[in-house]
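As the structure is a prediction and not an experimental result, all values here were calculated from the model. Side chains are part of it too, since the values below use all heavy atoms of this structure and drop only hydrogens, waters and symmetry mates. Below, chains carry the letters A, B, ... as their sequence lines are ordered, and counting in each starts from 1.
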2 protein chains.
Amino acid sequence: MTRRRTQDERSAETRRLLLEATIQSLMEVGYANTSTAGIARRAGVSRGAQTHHYPGKMDLIVAATGEMFANFADGLESLAAELREGRLDLDGFFEAAWDNVLKGDWFYSSLEIIVAARGDKELRRQLAPLILDLHEKFEATWSRSFVAAEPGTVSARVAMNLVMNVFRGMAVQAVLRRDERYFREMLDALKAVIAVHVRPAP
Amino acid sequence: MTRRRTQDERSAETRRLLLEATIQSLMEVGYANTSTAGIARRAGVSRGAQTHHYPGKMDLIVAATGEMFANFADGLESLAAELREGRLDLDGFFEAAWDNVLKGDWFYSSLEIIVAARGDKELRRQLAPLILDLHEKFEATWSRSFVAAEPGTVSARVAMNLVMNVFRGMAVQAVLRRDERYFREMLDALKAVIAVHVRPAP
DNA sequence: ATTAACAAACCGTTCGGCCGGTTTTTATGA
DNA sequence: TCATAAAAACCGGCCGAACGGTTTGTTAAT
């Protein structure tokens with residue numbers, strides 16, 4: 001018998017289960033195969049409870065996206081913190097960041113959502129502020145953690161955004177072609193190309 | 001009254017209409033909102049004719065993907081040919097390639113398909129050889145058209161693959177954040193960073 | 001007792017696949 | 001050359017499954 005819980009505790013737990021199940025479902029079967037019923041089943045929550053907390057599918061998606069983006073920004077910031085504290089060098093940072101992208105749940109889940117948003121104006125409207133916030137957090141992390149190695153050519157901020165875009169592109173490619181050697185080659189080249197322009201902040 | 005056509009002509013025309021409609025539908029409303037009935041309607045073809053030529057939805061998707069990849073490789077190769085013939089410099093090539101990615105139908109259509117394939121083993125299996133072929137065509141174009149500027153560090157082939165991955169990543173980002181100034185900044189930085197390593201083939 | 005949380009059945013819609021029938025082209029052979 | 005059988009292209013309705021949303025009822029907290 002579970003002990004008595006407050007309404008807030010019950011709500012928070014149910015919502016947490018639902019958002020986790022949403023992210024997991026997006027990761028495992030993709031947006032196209034993600035249904036509200038399936039999410040409720042994964043979460044071990046009745047469909048009624050799901051509709052109570054998140055009346056529409058979009059509410060579920062938007063809330064889960066907020067969760068994912070926050071986790072993503074936190075993960076990257078904590079990696080950058082290790083860099084600033086000297087417990088990670090530039091190479092190590094790139095490796096760890098790429099590993100996070102490819103192995104973590106968040107990247108492909110958010111990719112599914114972004115692609116879905118392309119065909120859904122309302123979803124796009126609701127996600128726009130979230131992505132803007134995410135980018136601001138990124139840029140804050142970059143400017144805290146990196147400086148330009150050659151002032152005047154490419155700023156650390158822009159260079160790191162380039163790196164993130166390479167990761168995004170490679171991750172998309174990895175869906176159909178998971179070629180370990182190819183990615184190794186790319187990653188090493190990326191490090192060589194970018195290291196010229198970026199240094200860890202002093 | 002249309003004149004008498006051979007069976008081959010009728011088939012070819014119907015298939016062409018269907019594949020064009022498929023690509024257009026993926027581009028405009030995304031994979032999630034693309035239905036076989038919708039494709040037939042766009043193509044101006046009966047549902048029966050559609051099932052005759054492409055029995056399953058996957059047959060349509062796979063055939064359309066083949067078409068798109070071929071067009072993509074051709075477009076990029078013809079741009080590279082302009083570069084080789086001196087009618088385009090490296091900057092111009094980057095600009096034109098990026099424009100193709102962002103403005104053309106093929107990129108977002110193929111992104112929809114790749115993401116859909118992530119959650120569909122059979123689709124992934126059928127698309128794998130197509131993407132392999134596309135990459136081979138890319139690499140052929142790269143090695144025909146570019147050489148390393150600083151031998152020994154980063155090969156032209158790898159550098160150009162990096163560029164394509166940046167484009168992919170930026171295009172995904174553009175779905176939720178179409179910030180012209182940001183993309184300009186990225187593109188200029190990319191040109192500056194890559195020009196160090198790559199030159200048009202002599 | 002009132003309200004929030006939870007439960008489950010129900011409904012209208014859409015989708016992909018299927019199938020029986022029709023029209024157009026092609027192959028055949030006298 | 002021409003009737004005709006065969007094959008290919010085309011048509012449109014039908015079906016079961018799955019989905020998202022709604023609604024009505026029950027349990028737990030306040």
Output every pair passing salt bridge (Lys or Arg N to Asp or Glu O under 4.0 Å) with a member in residues 54-81 of chain A, not counting sequence neighbours, ordered by first then second residue.
A/Glu77-A/Arg84, A/Glu77-A/Arg144

Which atom pairs link the protein and nucleotides 6-9 of chain C when you take only N or O atoms and keep those under 3.5 Å?
| unit_1 | atom_1 | unit_2 | atom_2 | d |
| --- | --- | --- | --- | --- |
| C/dC6 | OP1 | A/Thr14 | OG1 | 2.8 |
| C/dC6 | OP2 | A/Thr14 | OG1 | 3.2 |
| C/dC6 | OP2 | A/His53 | NE2 | 2.5 |
| C/dA7 | OP2 | A/Ser46 | N | 3.2 |
| C/dA7 | OP2 | A/Ser46 | OG | 3.1 |

With sequence neighbours left out, write down each residue that passes salt bridge (Lys or Arg N to Asp or Glu O under 4.0 Å) with B/Glu122, or none if nothing qualifies.
B/Arg125

Between B/Phe69 and B/Trp106, does the ring centroid distance fall short of 6.0 Å?
no

Output the rounded distance in Å from CD1 (A/Ile61) to C1' (D/dC19).
14 Å

Send over the distance from A/Glu13 CD to C/dA5 P, rounded to a whole Å.
14 Å

Pair B/Gln173-B/Asp179, side-chain donor/acceptor within less than 3.5 Å:
no

May I have all residue pairs that pass salt bridge (Lys or Arg N to Asp or Glu O under 4.0 Å) and include part of residues 24-34 of chain B, sequence neighbours excluded?
B/Glu28-B/Arg42

Scan the side chains in residues 185-202 of chain A for donor-acceptor partners under 3.5 Å anywhere in the protein, sequence neighbours excluded, and list what turns up.
| unit_1 | atom_1 | unit_2 | atom_2 | d |
| --- | --- | --- | --- | --- |
| A/Glu185 | OE1 | B/Arg157 | NH2 | 3.4 |
| A/Glu185 | OE2 | B/Arg157 | NH2 | 2.8 |
| A/Asp188 | OD1 | A/Arg184 | NH1 | 3.4 |
| A/Lys191 | NZ | A/Glu95 | OE2 | 2.6 |

Does the side chain of B/Thr36 get closer than 4.0 angstrom to OP1 or OP2 of C/dG16 through an N or O atom?
yes

Work out how much the helix from C/dA1-D/dT30 to C/dA30-D/dT1 bends between its end axes, five pairs an end, to the nearest 10 degrees.
10°

Between C1' of C/dG17 and NZ of B/Lys57, the distance in whole Å:
13 Å

From CG of B/Leu17 across to C1' of D/dC10 the rounded distance in Å is 14 Å

Check whether A/Arg16 reaches the backbone of A/Ser11 with its side chain - one donor and one acceptor, N or O, closer than 3.5 Å.
no

Which sits closer to the 5' end of DNA chain C, B/Asp8 or B/Ser35, going by the nucleotide each is nearest to?
B/Ser35

Please report whether the ring centroid of B/Phe72 lies less than 6.0 Å from that of B/Phe138.
yes

